[in-house]
Amino acid sequence: MHNVFSGQTDEVQQIKECLKELSRETNDEDGKERKETALELLADLCENLDNASDFCKLGGMDLMLNRYLSCPEAELRWRAADLIGICSQNVPVVQETALSLGAVDKLLKLLDLDGNETVRIKALFAISCLVREQESGLAEFVKLDGFSVLMRAMQTDIMKLKMKSAFLLQNLLMSHPEHKSTLCSMGMVQQLISLLRTEHSPFHEHVLSALCSMATDFPQGVEECRVPQLAFEELLKHRCQLVQKQEEYQEELEYCESLLKICFKNHPEDNGTDR
């Protein structure tokens, strides 16, 4: 089947053939396999920016968002989410088309509620492609309470999802510090600190990185970190001891030391020896 689609030398024609197959109403196993093959080939073709634009112009984005994201088959859902992300990377016209079709809302629901791990991970990838360096995408994400969805993703047991969610949060904090106040009012600092009390894992490095961003040049974030009930200073000192001699956790150690310096070095309760 792959050869039928890719036998065409003209890539636009290949995209058309794939979309023709994906537009067919077929429920049998053979039809499902043909659709998987078409989505796989489209993912390869749309790594090319011109092909991604053509895919959109030919109605591909509409088909993905309004039909394939809600397919009963998880394999088709995750491939559709992946394709949306691939097409949207660094292609403003594709991003605008996806946003106009309600992509952020649909993808956030998949990230938050889908029962399949791969679907959730690919939905997060597509969201990332629509909100990073894309002002209107980020505005939609904020309006739809996307930060709360990210936090819930970080609270799951799916390590890959946790790490990618924390990485996106950190990226958005770095590029858009104006959202720190909103995140503070949501209790983001307390929730991030509570995640550090779970079993130690590489995920914690990304959480600490996000906390560093929340506290850097932002007094409200520092005050949140200092809330006595959180016992954050004690947690940081204990974590420094835990990872100090483990080479693979050196970045985590640096984040801990930075947070101790930013939040607690000149705290009134400090004995003043470091001043």
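Just so it is clear, the values below take in all heavy atoms, side chains as well, and ignore hydrogens, waters and symmetry mates. The shown structure was predicted, so the numbers you read here are calculated from the model rather than taken from an experiment.
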Check the pair C263 / E233 against side chain to side chain contact (heavy atoms under 4.5 Å, CB included), numbers first and verdict last. CA-CA 8 Å; C263 300; E233 183 176 15; over 6 Å; no

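- For H204, the ring-ring contact (aromatic ring centres under 6.0 Å, His included) test picks out H200, with sequence neighbours left out.
- The number of heavy-atom neighbours closer than 6.0 Å to CG of D145, taken from other residues, nucleotides and ligands shown, is above 12.
- Ring geometry for F264 against F232 counts as perpendicular: the plane angle is over 60°, on a 0 to 90° scale with 30° as the lower cut.
- With respect to the salt-bridge test (charged N to carboxylate O, under 4.0 angstrom), the residues E36 and R79 do not qualify.
- Residues K265 and L260 form no side-chain contact, since every pair of their non-hydrogen atoms from C-beta on lies 4.5 Å or further apart.
- A salt bridge does not link R120 with D114: none of the charged nitrogens is closer than 4.0 Å to a carboxylate oxygen.
- The main-chain N or O of E205 is never found under 3.5 Å from a side-chain atom of S209 such that the two would form a donor-acceptor pair.
- No continuous path of hydrophobic side-chain contacts links I86 to V119 [ILVMFWY only; heavy atoms under 4.5 Å].
- Within a 6.0 Å radius of CG in D30, other residues, nucleotides and ligands contribute more than 12 heavy atoms.
- Salt-bridge annotation for K32 and D28: absent, with no side-chain N of the basic residue lying under 4.0 Å from a carboxylate O of the acidic one.
- Nearest approach of A126 to A81, heavy atoms of both residues: CB-O, 3.4 Å.
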Worked check of side chain to side chain donor-acceptor pair (under 3.5 Å) between E254 and Q250: CA-CA 6 Å; E254 287 170 19; Q250 286 311 292; over 6 Å; no

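- Residues S53 and V94 form a side-chain contact, since some pair of their non-hydrogen atoms from C-beta on lies under 4.5 Å apart.
- Between T118 and K122, some side-chain heavy-atom pair lies under the 4.5 Å cut-off.
- Under the 4.5 Å side-chain contact rule for hydrophobic residues, V243 and Y255 do not share a cluster.
- Annotation: side chain of M151 is in contact with side chain of L192 (closest heavy-atom distance under 4.5 Å).
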Yes or no on side chain to side chain contact (heavy atoms under 4.5 Å, CB included) for M154 and H206, after CA distance, side-chain angles and deciding distance? CA-CA 10 Å; M154 284 188 276; H206 299 286; over 6 Å; no

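- The side-chain heavy atoms of Y68 and R77, taken from C-beta on, include no pair separated by under 4.5 Å.
- The shortest distance between side-chain heavy atoms of V149 and F141 does not fall below 4.5 Å.
- Annotation for G60 and L19: closest pair CA-CD2, 3.7 Å, computed over non-hydrogen atoms.
- No continuous path of hydrophobic side-chain contacts links F167 to Y249 [ILVMFWY only; heavy atoms under 4.5 Å].
- For E133, the CD atom counts as loosely surrounded, since its 6.0 Å shell holds 12 or fewer non-hydrogen atoms of other residues, nucleotides or ligands.
- By the 6.0 Å contact criterion, CD on Q246 is enclosed, its count of non-hydrogen atoms from other residues, nucleotides or ligands being greater than 12.
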Take L111 and L161 through the side chain to side chain contact (heavy atoms under 4.5 Å, CB included) test and state the conclusion after the steps. CA-CA 9 Å; L111 169 58; L161 187 65; 3.6 Å; yes

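- K237 has no carboxylate O lying under 4.0 Å from a charged side-chain N of E234, or vice versa, which leaves the two without a salt bridge.
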If you apply the rule side chain to side chain contact (heavy atoms under 4.5 Å, CB included), what do you find for S213 with F218, and how did you get there? CA-CA 9 Å; S213 290; F218 188 59; over 6 Å; no

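- Annotation: side chain of F55 is not in contact with side chain of N51 (no heavy-atom distance under 4.5 Å).
- The 12-atom threshold is exceeded at CD of E178, counting heavy atoms of other residues, nucleotides or ligands nearer than 6.0 Å.
- Taking 4.5 Å as the limit, some side-chain heavy atom of L22 sits within range of a side-chain heavy atom of M64.
- Applying the 6.0 Å contact sphere to NZ of K180 captures more than 12 heavy atoms from other residues, nucleotides or ligands.
- Surrounding CE of M174 are at most 12 heavy atoms belonging to other residues, nucleotides or ligands under 6.0 Å away.
- Other residues, nucleotides and ligands place no more than 12 heavy atoms under 6.0 Å from the CD atom of E117.
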